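All chains are named by letter (A, B, ...) in the order of the sequence lines, taking the proteins before the strands, and each is independently numbered beginning at 1. From a predicted model like this one, the values you see are computed outputs, not experimental measurements.
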Amino acid sequence: MSLLPLSFYLRNDVVEIARDLLGKYLITNIDGVYTSGIITETEAYAGISDRASHAFNNRRTARNEIMYSKGGCAYVYLCYGMHYLFNIVTNEIDIPHAVLIRGIKPVEGIEQMKVRTNKIHNSKNLSNGPGKLTKALGIDMKQNGVSLFNSSIKIEDRKLKINAKEIKVGKRIGVDYAKEDALLPYRFMIEI
DNA sequence: CGGCCGATCCACT
DNA sequence: GTGGATCGGCCGA
């Protein structure tokens, strides 16, 4: 198994990390169910200077506290009162960078993902969206703050090659309130 | 303490 | 393309 090393998450450039996460495997083992998928869409949230980030202007609350911990752990929060969104915390302690995982392609445990998402029949669109993939993978607030090295969630590099030219770049979704920062090219996608 | 609204998704039209 | 679901965080009074 080739777990991504801690050094991967401690780098300064969270935008680069978001790009590099494409093609990596997100794996969960929650409630006795093993599921995995290839990361196909990410967004970078660049800390205290990024108006779209929960940690903009060094805002520090019970909700986003985990963003200020050392990279390599999960930041999960409830969005719109009904969806759990999964982020990977990056950079050193007290630097609140994070990467939102917006899409995965299911690989292992697909039948269980269908059950979790109430999609017994159409196996398509199980996990193409930040709220949907957490449901498919079984992620909820219990995983907020967990390490990606010794717990129910991990990221592996299985040496899937992603060519730079396959990567689509765009602005982030749902962050119009962030004014000029809403236009930053911090969203990355691949078609698999 | 009240009210607004969000890093979304789905069912409808 | 639009609106409803649904609730915790956040801000202002």
Worksheet entry | Straight-line distance of I167(A) CD1 to M189(A) CE, nearest 0.5 Å | 10.5 Å
Worksheet item: With respect to the side chain of T61(A), which nucleotide from dC10(C), dT6(C), dA7(B) is positioned closest?
Response: dC10(C)
Worksheet item: Got a salt bridge between K154(A) and E156(A), using NZ or NE/NH1/NH2 to carboxylate O under 4.0 Å?
Response: yes
Worksheet item: Going by an N to O cut-off under 4.0 Å, is there a salt bridge joining E43(A) and R172(A)?
Response: no
Worksheet item: Which part of the nucleic acid, if any, lies within contact of G131(A), taking any heavy atom under 4.0 Å across all strands shown: a base, the sugar-phosphate backbone alone, or nothing?
Response: sugar-phosphate
Worksheet item: P atom, dT6(C) versus dG2(B): distance in rounded Å?
Response: 22 Å
Worksheet item: Quick one: is dA7(B) close enough that its OP1 or OP2 comes under 4.0 Å of any side-chain N or O from R102(A)?
Response: no
Worksheet entry | Closest listed nucleotide, where the reference is the side chain of M82(A) and the choices are dA5(C), dC10(B), dA7(B) | dA5(C)
Worksheet item: Can you check the N144(A) CG to dG9(C) P distance for me, whole Å?
Response: 11 Å
Worksheet entry | Options dC11(C), dA7(B), dA5(C), nucleotide nearest the side-chain atoms of H54(A) | dA7(B)
Practice prompt. Would you indicate which nucleotide in dT8(B), dA7(B), dC10(C) comes nearest to any side-chain atom of I173(A)?
Written response: dT8(B)
Practice prompt. Report the base-pairing partner of dA13(C) (Watson-Crick or G-U wobble, both distances below 3.5 angstrom), or none.
Written response: none
Practice prompt. Rounded off to whole Å, could you give me the CG-to-P distance for the L133(A) and dC9(B) pair?
Written response: 8 Å
Worksheet item: For the side chain of R59(A), counting heavy atoms from C-beta on, which of dA7(B), dC10(B), dC11(C) is nearest?
Response: dC11(C)
Discussion item. Between T28(A) and S152(A), do the side chains contain a donor N or O and an acceptor N or O under 3.5 Å apart?
Written reply: no
Worksheet item: Below 6.0 angstrom between ring centroids: does that apply to Y84(A) and F86(A)?
Response: no
Discussion item. What's the closest nucleotide to the side chain of Y80(A) if the choices are dC9(B), dA5(C), dG6(B)?
Written reply: dG6(B)
Discussion item. Can you identify which nucleotide, out of dC10(B), dA7(B), dT8(B), has its nearest atom closest to the L100(A) side chain?
Written reply: dA7(B)
Response to the item:
Separation of dT8(B) atom P from D140(A) atom CG, nearest Å, is 19 Å
Item to complete: Nearest whole angstrom, please: distance from the P of dG6(B) to the CZ of R51(A).
Response: 15 Å
Item to complete: For M189(A) and dA7(B), give me the distance from atom CE to atom C1', rounded to whole Å.
Response: 15 Å
Worksheet item: Taking OP1 and OP2 of dC10(B), is either one under 4.0 Å from a side-chain nitrogen or oxygen of K119(A)?
Response: yes
Discussion item. Rounding to an integer number of Å, can you tell me how far E65(A) CD sits from dG8(C) C1'?
Written reply: 17 Å
Fill in: Whole-Å distance separating the CZ atom of R63(A) from the C1' atom of dC10(C)
8 Å
Discussion item. I want to confirm an ordering. Mapping L78(A) and K132(A) to their closest nucleotides on DNA chain B, which one lands closer to the 5' end?
Written reply: L78(A)
Discussion item. If I take atom NZ in residue K135(A) and atom C1' in nucleotide dT6(C), what distance separates them, rounded to the nearest angstrom?
Written reply: 13 Å
Worksheet item: What nucleic acid atoms does R172(A) come within less than 4.0 Å of, heavy atoms only: base, sugar-phosphate, or nothing?
Response: nothing
Worksheet item: Is the closest basic N to carboxylate O distance between K142(A) and D140(A) below 4.0 Å?
Response: yes
Discussion item. Work out how far the P atom of dA7(B) is from that of dG1(C), and round it to whole angstrom.
Written reply: 23 Å
Discussion item. Side-chain N or O of Y177(A) versus OP1/OP2 of dA7(B): is the shortest distance under 4.0 Å?
Written reply: yes
Response to the item:
Under a 3.5 Å limit on both distances, the Watson-Crick or wobble mate of dA7(B) is none
